[in-house]
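Scope of the values below: all heavy atoms of this structure, side chains included, with no hydrogens, waters or symmetry mates.
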Amino acid sequence: MLGPVILAASRSDRMRRLISAAPVTKQVVDRFIPGETVDEIVPIIRDLSDRGLELTMDVVGEDITRPEQAAAARDAYLALIDRLKELELGTRAEMSVKLSMFGQALEGGHELALANVRPVVEAAAAIGTTVTLDAEDHTTLDSMLAIHEELRKDFPQTGCVIQAYLFRTEADARRLAESGSRVRLVKGAYKEPAEVAYQQKHEIDKAYVRILKILMEGAGYPMIGSHDPRLISIAQELARTAGRKLDEYEFQMLYGIRSDEHLRLAAEGHRMRVYTAYGTDWYGYFMRRLAEKPANLRFFARSMLTRG
């Protein structure tokens with residue numbers, strides 16, 4: 001399977017240099033990451049909002065080795081929030097943050113990440129929006145969920161992400177599916193060992209459905225992070241069975257993938273949120289998008305061959 005190989009490459013400095021140097025890379029990266037700066041991303045935010053879509057914004061970057069880099073990540077999100085406030089788009093766009101960017105892996109990282117993310121959550125709340133804490137590899141999840149619980153004491157709308165391929169996630173979902181919670185369910189996009197995660201697609205899909213059923217039958221607000229047509233149909237049926245109205249859950253998909261489906265779901269009255277990343281440190285994010293779906297890798301390879 002190519003997915004694990006690509007995920008391994010996402011941690012390789014040599015592969016980072018090779019892929020970054022390829023002339024075609026920027027053209028292909030732009031499909032998934034439509035800008036490097038706030039100014040470049042503003043037209044995208046306006047366009048998607050005008051089309052009836054909502055957004056979750058991700059400033060890409062994960063390999064933080066110094067506290068000042070974590071502070072810079074915090075400041076990048078604060079600058080984005082200031083711009084959304086100026087544009088009066090705060091209610092259309094939330095933030096997605098990876099706590100690794102906020103210093104989680106550094107010495108004293110749990111407290112450092114909490115201290116850095118709290119101002120972002122406060123600023124988001126001040127303009128009428130919120131923050132969702134992204135899930136990363138399984139070793140970081142206890143810290144992420146503890147920070148999520150702490151932030152929700154003052155900002156109960158703070159969301160989190162859970163990953164269907166991890167064995168622990170059904171238990172996490174039962175605990176999180178409470179009134180006021182916002183939980184995004186994704187399949188998972190990190191290389192995880194067989195001791196903690198399902199390895200086969202059919203096992204992951206089955207787990208996704210079981211967990212989504214828990215969320216739909218719970219008292220929280222499920223966010224369905226998937227491009228899979230079958231899972232989207234199942235999610236709609238689970239929502240109907242649970243008696244949920246269209247504004248009591250939402251779909252989320254990545255920018256640049258199945259864009260027609262974004263518009264179709266929005267036209268049917270569903271809340272449809274587009275996960276939109278921007279920034280200069282794009283490599284890890286881009287490689288996981290290739291690993292998630294073979295069609296993405298074929299698109300990249302075909303583009304390189306055409307350019308070559």
Side-chain angles (χ1 to χ4, degrees), residues 31-35 41-60 80 84 87-97 124 127-135 157-164 181-189 205 208-209 211-213 215-216 218 220-278 285 288-289 292-293 295-296:
R31 172 179 175 176
F32 305 107
I33 305 173
I41 209 71
V42 164
I44 304 297
I45 298 172
R46 285 192 183 279
D47 178 61
L48 293 177
S49 182
D50 289 345
R51 291 168 176 259
L53 303 169
E54 299 179 60
L55 299 92
T56 184
M57 306 299 301
D58 176 9
V59 183
V60 292
L80 170 62
L84 291 172
L87 298 169
E88 299 182 347
L89 287 171
T91 59
R92 303 293 297 173
E94 65 159 37
M95 314 300 132
S96 283
V97 304
I127 66 167
T129 190
T130 188
V131 170
T132 294
L133 306 182
D134 272 332
Q157 69 274 32
T158 305
C160 71
V161 177
I162 57 177
Q163 300 159 303
S181 70
R182 298 172 62 259
V183 182
R184 180 196 303 151
L185 176 61
V186 300
K187 290 185 180 181
D205 286 353
Y208 193 103
V209 174
I211 297 161
L212 184 56
K213 187 172 186 288
L215 296 178
M216 285 293 188
Y221 180 78
M223 301 181 284
I224 303 107
S226 178
H227 306 93
D228 187 325
R230 180 171 170 271
L231 291 181
I232 289 169
S233 295
I234 291 172
Q236 291 173 307
E237 182 57 35
L238 288 174
R240 284 192 291 268
T241 302
R244 286 185 176 265
K245 300 176 182 176
L246 291 179
D247 61 354
E248 293 178 340
Y249 63 96
E250 69 181 47
F251 291 100
Q252 295 192 4
M253 298 186 192
L254 297 170
Y255 180 90
I257 300 179
R258 301 199 71 204
S259 299
D260 289 345
E261 183 71 356
H262 304 176
L263 297 174
R264 184 189 72 80
L265 288 168
E268 290 182 356
H270 293 284
R271 293 191 72 181
M272 176 65 230
R273 193 178 300 275
V274 183
Y275 190 109
T276 307
Y278 74 99
Y285 178 91
R288 283 195 301 281
R289 300 296 77 78
E292 284 172 350
K293 189 171 176 155
N296 294 340

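When all heavy atoms of Arg92 and Leu53 are compared, the pair lying nearest together is NH2-O, 2.8 Å. Heavy-atom minimum distance, Ser49 versus Leu55: N-CD1, 4.5 Å. Taking every heavy atom of both residues into account, Leu185 and Tyr208 meet most closely at O-OH, 2.9 Å. Between Ser96 and Asp134, the closest heavy-atom pair is CB-OD2, 3.7 Å. Nearest heavy-atom pair, Ala235 versus Phe251, reported as atom, atom and distance to 0.1 Å: CB-CE2, 3.9 Å. The shortest non-hydrogen separation linking Pro222 to Glu248 is CD-O, 3.5 Å.
Atom CD1 of Ile211 sits about 10.0 Å away from atom CD of Gln163, to the nearest 0.5 Å. From Cys160, atom SG reaches atom CE of Met223 across 7.5 Å, with rounding to the nearest 0.5 Å. How far OH of Tyr278 is from CD1 of Ile44: 12.5 Å, rounded to the nearest 0.5 Å. Of the inter-residue distances, the one linking Ile232 atom CD1 with Ile224 atom CD1 reads 9.0 Å to the nearest 0.5 angstrom. Note that CG of Leu215 and CG of Leu238 are 10.0 Å apart. Values are rounded to the nearest 0.5 Å. Atom CD1 of Ile127 sits about 5.0 Å away from atom CG of Leu84, to the nearest 0.5 Å.
Glu94 and Thr129 form no side-chain donor-acceptor contact under 3.5 Å, judged by distance and modelled atom types alone. A donor-acceptor contact closer than 3.5 angstrom links the side chains of Arg271 and Tyr221.
Evaluated for a side chain to side chain contact (heavy atoms under 4.5 Å, CB included) with Thr276, the options Thr56, Asp58, Leu254, Leu48 yield exactly one hit, Leu48.
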Run the side-chain contact (heavy atoms from CB on, under 4.5 Å) check on Asp47 and Arg51 step by step: do they pass? CA-CA 6 Å; Asp47 178 61; Arg51 291 168 176 259; 3.2 Å; yes
_Show, in sequence, the C-alpha distance, side-chain angles and deciding distance for Lys187 and Asp205, and conclude whether the side-chain contact (heavy atoms from CB on, under 4.5 Å) test is met._
CA-CA 8 Å; Lys187 290 185 180 181; Asp205 286 353; 3.0 Å; yes
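Side chain of His262 to backbone of Met253: no donor-acceptor contact under 3.5 angstrom is found. Listed for the Arg244 side chain is a donor-acceptor partner under 3.5 Å among the backbone atoms of Met216.
Put simply, the side chain of Thr132 does not reach to within 4.5 Å of the side chain of Thr158, judged on heavy atoms. Between Val42 and Arg46 there is a side-chain heavy-atom pair separated by less than 4.5 Å.
With sequence neighbours left out, the side chain to side chain donor-acceptor pair (under 3.5 Å) criterion links Arg240 to Glu237.
Contacts classified as salt bridge (charged side-chain N to carboxylate O under 4.0 Å, His left out) and involving residues 260-269 (residues at least two apart or in different chains) are given here: Arg258-Glu261, Glu261-Arg264, Arg264-Glu268.
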